[in-house]
2 protein chains.
Amino acid sequence: MPASVKNSPMSKESLLPPLAAHVLTHGLGQASLRPLARAAGTSDRMLLYHFGSKETLIAELLGFVARTYSQALDAALGSERAATRGQALARILTHARSPQMQPFMALWWEIVAGAARGLTGFAPAAHAITAELLGWLEGQMPADDPDPKGGARYLLTLIEGTLMLAAVGHEDTARDGLLASGLAPA
Amino acid sequence: MPASVKNSPMSKESLLPPLAAHVLTHGLGQASLRPLARAAGTSDRMLLYHFGSKETLIAELLGFVARTYSQALDAALGSERAATRGQALARILTHARSPQMQPFMALWWEIVAGAARGLTGFAPAAHAITAELLGWLEGQMPADDPDPKGGARYLLTLIEGTLMLAAVGHEDTARDGLLASGLAPA
DNA sequence: ATCTTTATGTAGCAAGTGCTACGTCCGCTT
DNA sequence: AAGCGGACGTAGCACTTGCTACATAAAGAT
């Protein structure tokens, strides 16, 4: 082992990004301390030292993922309003279906499942991510929209339904549904 | 131990109902062989004897859950057509939000998450359950609906979005979204 | 009556789980 | 210079994981 390897002290903040990366590719269900520690370049001992327990580690990790998602959303998507509701819908669906979003989508459904089961930390993260998406959608609503607030919530419902159907192999069903909604171009 | 206890031979079919009950209350993520066996009145040894491996056990269990869901859907919901799209929507949402459906809903999101992660057996079960719901919705569409096929898919998208938003604590958002859709009564 | 198949229990394996005990550096204060 | 507390490694605990080996008991087939 080279003596030049510095033992720079690791903070929770510096640990979270590699932990999130590991969870994004391997999933939350299989996330156990030792693989997580290996991914972060530490030991399970140190993870518990910093976070206290696995449960709070996961909770803090989900909070970090939610914050990261917010920033990614702001960065990837402009803030100019869409011309139509259909355009706002198309923009966000294109983004959600992009290849680099796929790991996040897989993690997203695990977060939803954890929230539905009442696991600690899951519900706040899921709620925050959804709220972030809703906020972005509200800003995207056309300037002449008669009901931007309700319209954004309507679009959000359609978006989440579309993404869920895609997750279970019913993307064609979702496409036909959006066609019938009158929002998607034929 | 009383000698009167009969060792009646257990078939896969007789094992599946108690296994499903256990998974419905405790979740798929924590489902390991020994607790499952205890719930079914057997040993892990016998579960492997009947199913070969945990992976195929889970896959067969998910198939059973999907079939059970179909029957529950047929039994709980009539087959008379709805008068309006909004009525069909309200019927299925009322059913999905009923207390006895909550364990299934929690399991449902785990199935979706597993399908999104590509776990074996999850995608077929998720696809089948969704198809069942879609088929029921098609039968519910009003007789005078201009596009029953597309309308059913549109409603399905809204339903799944609504249920997902409810799972993450955004039920009010979903309600406002449905209000803005014009399908729900004010 | 023997043989084979099916169903089951008991015991155990190697690996992995979250978590702890203990000791050791190293930089800081006093 | 001494001590102190944060940062880390090593070793290990008790437990659970999926799965297997081995024995056996009952039932049907020959």
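A note on names: the letters A, B, ... follow the listed sequences, proteins ahead of strands, and every chain is numbered from 1.
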Query raised in the report: D:dG9 phosphate, OP1 or OP2: any side-chain N/O from A:S43 under 4.0 angstrom?
Result: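 Answer is yes, contact under 4.0 Å.
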
Would you mind reading off the distance between [X] atom [atom1] and [N] atom [atom2], rounded to a whole angstrom?
X     : N      : atom1 : atom2 : result
A:L47 : C:dC19 : CG    : C1'   : 12 Å
A:F51 : C:dG18 : CZ    : C1'   : 16 Å
A:Q30 : C:dA15 : CD    : P     : 19 Å
B:H50 : C:dT8  : NE2   : C1'   : 9 Å
A:L33 : C:dG18 : CG    : P     : 4 Å
A:I58 : C:dT17 : CD1   : P     : 12 Å
B:M46 : D:dC19 : CE    : P     : 15 Å
A:K54 : C:dT20 : NZ    : P     : 15 Å

Query - With sequence neighbours excluded, residues passing salt bridge (charged side-chain N to carboxylate O under 4.0 Å, His left out) with B:E13 - result: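 B:E13 satisfies salt bridge (charged side-chain N to carboxylate O under 4.0 Å, His left out) with no residue once adjacent residues are dropped.
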
Query raised in the report: Could you run down nucleotides 20-28 of chain D 5' to 3' and tag each one B, S or - for protein heavy-atom contact under 4.0 Å?
Result: BBB------

**Report entry** Where at least one partner belongs to residues 120-175 of chain A, residue pairs that pass ring-ring contact (aromatic ring centres under 6.0 Å, His included), sequence neighbours excluded
**Finding:**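 Applying ring-ring contact (aromatic ring centres under 6.0 Å, His included) to every pair that reaches into residues 120-175 of chain A, excluding sequence neighbours, yields A:H127-B:H170, A:H170-B:H127.
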
Query raised in the report: Going hydrophobic residue to hydrophobic residue with side-chain gaps under 4.5 angstrom, can you get from A:I58 over to A:M46?
Result: no

**Report entry** Per A:S53 side chain, nearest of listed nucleotides D:dG9, C:dT8, C:dC19
**Finding:**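 Of the candidates, C:dC19 comes closest.
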
Report summary line: Taking D:dA7, D:dT17, C:dT17 as options, the one with an atom nearest any side-chain atom of A:Y49 is D:dA7

Going by the rule side chain to side chain donor-acceptor pair (under 3.5 Å), which residues pair with [X] if we only count those two or more places apart in sequence or in a different chain?
X      : answer
B:R97  : none
B:Q87  : none
A:Q102 : none

Query - Donor + acceptor pair across side chains of A:Q140, A:R81 (<3.5 Å) - result: no

Query - Polar side-chain contact A:R34-C:dG16 base: donor and acceptor under 3.5 Å - result: no

